Amino acid sequence: MKIALGSDHNAYNMKEEIKKYINELGHVVEDFGCYSCEAVDYPDVAFKVAQDIVENKYDRGILLCGTGLGVSIAANKVPGVRAAVCHDTYSAERAQKSNNAQILTMGAQVIGIEHAKKVVEAYLNSEYNGGRSAHKVEKINEKERQFLKGACS
Ligand SMILES: O=C(CO)[C@H](O)[C@H](O)COP(=O)(O)O
């Protein structure tokens with residue numbers, strides 16, 4: 001798969017490790033920054049990854065910040081994106097299987113790198129197949145479409 005990966009400065013070191021790990025798993029990874037520990041604003045990175053995800057340029061996105069919360073909130077503002085904060089392997093698996101979340105987010109100040117790798121692996125090894133979850137995901141998509149219509153009228 002093609003993976004879009006991004007972080008802010010608080011998760012720069014974790015991003016570098018996760019980048020190597022995604023390659024080891026056999027996926028192609030594109031690094032959206034940041035590129036040093038110098039402070040950056042997490043929404044800037046999250047919006048870039050989220051935009052490319054809705055344009056189907058990548059199969060999945062992974063966003064990292066201190067808590068995983070800011071990048072998730074920011075990415076979810078881009079219509080069509082479902083970004084999920086996951087700090088355990090079960091949630092990471094369900095983020096795909098139940099929620100069709102195209103983006104996984106994690107916090108470098110919440111979990112350690114070895115555990116984060118396991119969460120990434122669980123997420124990338126899981127796939128959304130619709131089924132009993134499809135109509136629930138579709139309700140969320142429909143609500144988003146309603147709000148978008150309202151915003152434009
Ligand atoms: O975890 C984060 C956002 O959720 C970030 O890493 C962030 O830098 C913390 O934000 P702030 O400086 O605004 O407290």
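Just so you know, these numbers come straight off a predicted model, no measurement behind them. Numbering starts at 1 and runs along the sequence shown. Atoms within each ligand, like the ligands themselves, are counted from 1 in listed order.
- If you check which protein heavy atom lies closest to atom 8 (O) of ligand 1, you get N10 ND2, 2.9 Å.
- Nearest approach of D8 to G66, heavy atoms of both residues: OD1-N, 4.0 Å.
- Considering every non-hydrogen atom in both G107 and H87, the closest pair reads N-NE2, 2.8 Å.
- Without hydrogens or angle criteria, H27 side chain to M1 main chain gives a donor-acceptor distance under 3.5 Å.
- Of the protein's heavy atoms, at least one falls inside 4.0 Å of atom 1 (O) of ligand 1.
- Within the 4.0 Å heavy-atom criterion, both parts of T67, backbone and side chain, lie near ligand 1.
- Under a 4.0 Å criterion applied to the non-hydrogen atoms of G66, ligand 1 contributes the atoms 1 (O), 2 (C), 5 (C), 6 (O).
- Close N/O approach between Y42 and ligand 1 is not found [any backbone or side-chain N/O within under 3.5 Å].
- Between the R82 side chain and the N99 main chain, a donor and an acceptor come within less than 3.5 Å of each other.
- At a threshold of 4.0 Å, the pair E142-R145 counts as salt-bridged, since one of the basic side-chain nitrogens sits closer than that to a carboxylate oxygen.
- Contact annotation for atom 13 (O) of ligand 1: protein absent (non-hydrogen atoms, distance under 4.0 Å).
- When only interatomic distances are considered, the shortest N/O to N/O separation between G68 and ligand 1 does not fall below 3.5 Å.
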Report task. Given ring pair (Phe, Tyr, Trp, His ring centres under 6.0 Å), test F32 with F47 step by step and report yes or no. Result -> CA-CA 10 Å; F32 281 68; F47 292 150; over 10 Å; no

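- Considering only non-hydrogen protein atoms, atom 5 (C) of ligand 1 sits nearest to D8 OD2, 3.1 Å.
- Nearest to atom 4 (O) of ligand 1 among the protein's heavy atoms is G70 N, 2.9 Å.
- A salt bridge links K19 to E16: one of the charged nitrogens lies within less than 4.0 Å of a carboxylate oxygen.
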